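Encoded as structure tokens, the structure appears first; notes follow it.
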Amino acid sequence: MPVRLYNTLTQKIEDFVPATPGKVKLYVCGITTYDLAHAGHGRTYTTFDVLVRFLRARGYTVEHCQNVTDVDDKIVKRAKERGEHPLELSRRMDELAREHLRAIGCLEPTVMPRVSTTIDGIIEFTQALIEKGHAYVAETPLGKDVYYSVRSFPGYGKLSRRNLDELRAGASERLAEGATDVKKDPLDFALWKAVGPDAFGFDSPWGKGRPGWHIECSAMAFKELGEQIDIHGGGMDLVFPHHENEIAQSEARTGKPFARYWMHGGFLEIDSEKMAKSLGNFVTIKDVLEKNDPEAYRYFILGTHYRGPLSFDVTKHPDGRVTFPGLDEAERRMDYLYATRDALVALAGDIEPGMPNILQGQAKIVAEAKEKVLEALDRDLNTPVALSVLAELGKAANEIVSQAAKMKKDPAKYEAVRKLAASAVRALADACAPLGLMQASSEDYWARTKERRLRLRGLDAATIDAKVAERSEARKAKDFSRADAIRKELTDLGVEIFDAGETSTWKIGI
RNA sequence: GGUGCGGUAGCCAAGUGGUUAGGCAACGGUUUGCAAAACCGUCAUACACGGGUUCGAAUCCCGUCCGCACCUCCA
């Protein structure tokens, strides 16, 4: 079955066929770097990260271009407030965003162009549009602006299904509020805006100014990927006007279809409202990472189809603690997956994987897991179904481990079940790979979660170790009431105890 | 008003004409000194509402209701 993706342009799920067989050119609109990246950004970039990992797992070579908007009015404004150079503020925020996205498992895009280093391309693109009659220069008190003439492009509105007359009604009202009317049509949008001689800007044939928001993406995609790309992605809020304008610019210049497929991710919501910087209801990725494991966040995101809304719940406890219940639940699932893998590895040791004729129900699940995950992703990135495959595999794996304990007396059987366990380890890795899950070593995963959970609960490991040791002594002496009392005490602190024979281990609950 | 995205069992969430999605919670069982974890079972003939098409509809058609977003900067 081919890869199928929903295309906003046609409103249909279509077979994915890139322009060049085996090669995918992907452009994803990046972040405007004036503040920390929030959990909604994280959702979008995680979605496209899974798309990239998945397409690669399906054998495609993916060129993933994600821009950095480092020249923008918001950046200039924020920088001014802080007495910082705009590009310096942007560089700092970009570094943090990269760090946070890397932490949640997003692979570095192949290319990351910046506005500030693409000014030549933007100017060239703007000039081309002027020459072709799609853009015009307008005089303003600050100098010369360049606007795109929306009426010059017949296909305007085809992505967002809007027609110019309906749009004009809204735009005229806004203009009435005292804006200077230098545009020929209220819907025309800026390609280049003049700034005063003292403001942050770049020299151009039209004087000092800054590029408009939409032209930069057209120019960067053109420069890095060429005239036509396979997939263009971003959040749903970019459909209009940003992506509509990109189409108008790029197709007016080249005369060719810009992107074959347009993909848009749904919103992350808090209290049923879109999480947004402008609404002030956002939780940053940094906030998330302080409370939960990065893979728990990814698991949480993948639990809902990328086009639907995803509710990010925040619970404020009576004691003042703030938690994210959805992420907590996801983190328990990650604990489960890592614990499952640990048990498999402990059983398999370094035996070679194989598919012996044993535990056939489980063996079938192990054999099919990888392909089932890929098949789920074939269907417009159905990550919830992919996670259900992981759940099925986890169950089978744990069953293999518990059945193995009963086979120890029969060396031939035991070796066979160990081979199956080794296959399950491989299957788990293969099934997780396109999702970007279970990327840590067990050692790292348990260490980082332990450290974080101890910190959140204000506990320290040495105290717990001492209590657990004391309890072990009590158990050895068959003083079970003493042992149970200590366990109760620890449980109340959020510490879970696991007895295995005479020894006990512990972990902090989520 | 226009354009989209949603409304599925206690909760989260797949499915888009007939065949067990999955997870969480709860309860019962196997296991355990007792637990926990793990596994098995139950909850589950649920699909916003009203009509219609069909042998058969959560799924298609018509009409409503509700939530959210975009139409100005937004992933």
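Fair warning: this is a prediction, and the values are worked out from it, not measured in the lab.
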Whole-angstrom distance between B:U32 and B:C39, as gauged at atom C1': 14 Å
Span that lies between the C1' atom of B:G63 and that of B:C12, in whole angstrom: 31 Å
Sugar-phosphate, base or nothing in reach of A:Arg162, heavy atoms under 4.0 Å: base
Sugar-phosphate only, base, or nothing, as touched by A:Asn382 at under 4.0 Å among non-hydrogen atoms: sugar-phosphate
C1' spacing across the pair B:C73 / B:U64, given as an integer number of angstrom: 36 Å
Side-chain-base donor-acceptor pair under 3.5 Å for A:Lys274 and B:C68: no
Whole-angstrom distance between B:U16 and B:A21, as gauged at atom C1': 14 Å
Sugar-phosphate, base or nothing in reach of A:Gly326, heavy atoms under 4.0 Å: nothing
Name of the residue among A:Arg453, A:Lys291, A:Lys507 meeting salt bridge (Lys or Arg N to Asp or Glu O under 4.0 Å) with A:Glu331: A:Arg453
For atom CG of A:Asp328 and atom P of B:C24, their distance in whole Å: 14 Å
Pairwise C1' distance for B:U45 and B:U19, with rounding to whole Å: 14 Å
Selection from B:A75, B:C24, B:C73 that lies nearest to any side-chain heavy atom of A:Glu329: B:C24
Sugar-phosphate, base or nothing in reach of A:Leu268, heavy atoms under 4.0 Å: base
Side-chain donor/acceptor contact of A:Asp484 with base of B:G33 under 3.5 Å: yes
Stepwise salt bridge (Lys or Arg N to Asp or Glu O under 4.0 Å) test for A:Lys193 and A:Asp73: CA-CA 11 Å; A:Lys193 286 281 274 183; A:Asp73 289 353; over 6 Å; no
B:G51 versus B:G15 - spacing of their P atoms, nearest Å: 28 Å
Protein-nucleotide distance (A:Ile365, atom CD1; B:U20, atom C1'), rounded to Å: 13 Å
Check: A:Val150 main-chain N/O paired with A:Asp188 side-chain donor or acceptor under 3.5 Å: yes
Residue-phosphate contact under 4.0 Å: A:Tyr306 side-chain N/O, B:A75 OP1/OP2: no
Pair A:Lys274 + A:Asp237, salt bridge at N-O below 4.0 Å: yes
Electrostatic pair A:Arg379-A:Glu375, nearest N-O below 4.0 angstrom: no
Between P of B:G22 and CG of A:Leu435, the distance in whole Å: 18 Å
Charged N-O contact under 4.0 Å between A:Lys488 and A:Asp484: no
Listed nucleotide nearest any side-chain atom of A:Glu273, set B:C68, B:A75, B:G33: B:C68
Sugar-phosphate, base or nothing in reach of A:His38, heavy atoms under 4.0 Å: base
Distance below 4.0 Å between A:Asn163 side-chain N/O and B:G2 OP1 or OP2: no
A:Met93 side, atom CE; A:Arg78 side, atom CZ - distance, nearest 0.5 Å: 7.0 Å
Interatomic distance where CD belongs to A:Glu269 and C1' belongs to B:G4 [whole Å]: 14 Å
Other residues, nucleotides, ligands: >12 heavy atoms within 6.0 Å of A:Lys364 NZ: no
Sugar-phosphate, base or nothing in reach of A:Leu238, heavy atoms under 4.0 Å: sugar-phosphate
Sugar-phosphate, base or nothing in reach of A:Gly266, heavy atoms under 4.0 Å: base
B:A21 - base-pair partner by Watson-Crick or wobble geometry, distances under 3.5 Å: none
d(CE, A:Met236; P, B:U3) in whole Å: 16 Å
Touch class at under 4.0 angstrom, heavy-atom based, for A:Gln403 against every strand present: nothing
A:Arg307 side-chain proximity, nearest of B:G6, B:G4, B:C73: B:G6
Touch class at under 4.0 angstrom, heavy-atom based, for A:Arg475 against every strand present: base
A:Lys74/A:Asp35 ion pair, N-O < 4.0 Å: no
Complementary nucleotide of B:C60, counting Watson-Crick and G-U pairs under 3.5 Å: B:G52
Polar side-chain contact A:Arg487-B:C34 base: donor and acceptor under 3.5 Å: yes
Lys/Arg-Asp/Glu bridge criterion (N-O < 4.0 Å) met for A:Asp335, A:Arg332: no
Sugar-phosphate only, base, or nothing, as touched by A:Gly40 at under 4.0 Å among non-hydrogen atoms: base
Under 4.0 Å protein heavy-atom contacts per nucleotide of nucleotides 38-48 of chain B, with B for base, S for backbone only and - for none: SSS--------
Proximal nucleotide (of B:A21, B:G2, B:A37) relative to the A:Phe498 side chain: B:A37
Salt-bridge criterion met for A:Arg4 and A:Asp380 (N-O under 4.0 Å): no
Watson-Crick or G-U counterpart of B:A13, or none if no pair lies under 3.5 Å: none
Donor-acceptor pair under 3.5 Å, A:Asp237 side chain vs B:C73 base: no
NZ/NE/NH1/NH2 to OD/OE distance under 4.0 Å, A:Glu392 and A:Lys372: yes
Sugar-phosphate, base or nothing in reach of A:Arg471, heavy atoms under 4.0 Å: base
B:A13 and B:G23, which share atom name C1', separated by this distance in whole Å: 8 Å
Nucleotide opposite B:G4 in a Watson-Crick or G-U pair, distances under 3.5 Å: B:C68
Listed nucleotide nearest any side-chain atom of A:Tyr6, set B:A14, B:C5, B:A69: B:C5
A:Phe480 over B:G33, stacked by centroid distance under 5.5 Å, angle under 30°: yes
Base partner of B:U42, which must satisfy Watson-Crick or wobble distances under 3.5 Å: B:A26
Distance, P atom - from B:C27 to B:A69, rounded to whole angstrom: 38 Å
Sugar-phosphate only, base, or nothing, as touched by A:Phe48 at under 4.0 Å among non-hydrogen atoms: nothing
Closest to the A:His305 side chain, choosing from B:C73, B:A14, B:G4: B:A14
Spacing between A:Ile301 atom CD1 and B:A13 atom P, to the nearest angstrom: 14 Å
Between B:G2 (P) and A:Phe240 (CZ): distance, integer Å: 17 Å
Euclidean distance, atom CG of residue A:Leu36 to atom P of B:A75 [Å, nearest integer]: 13 Å
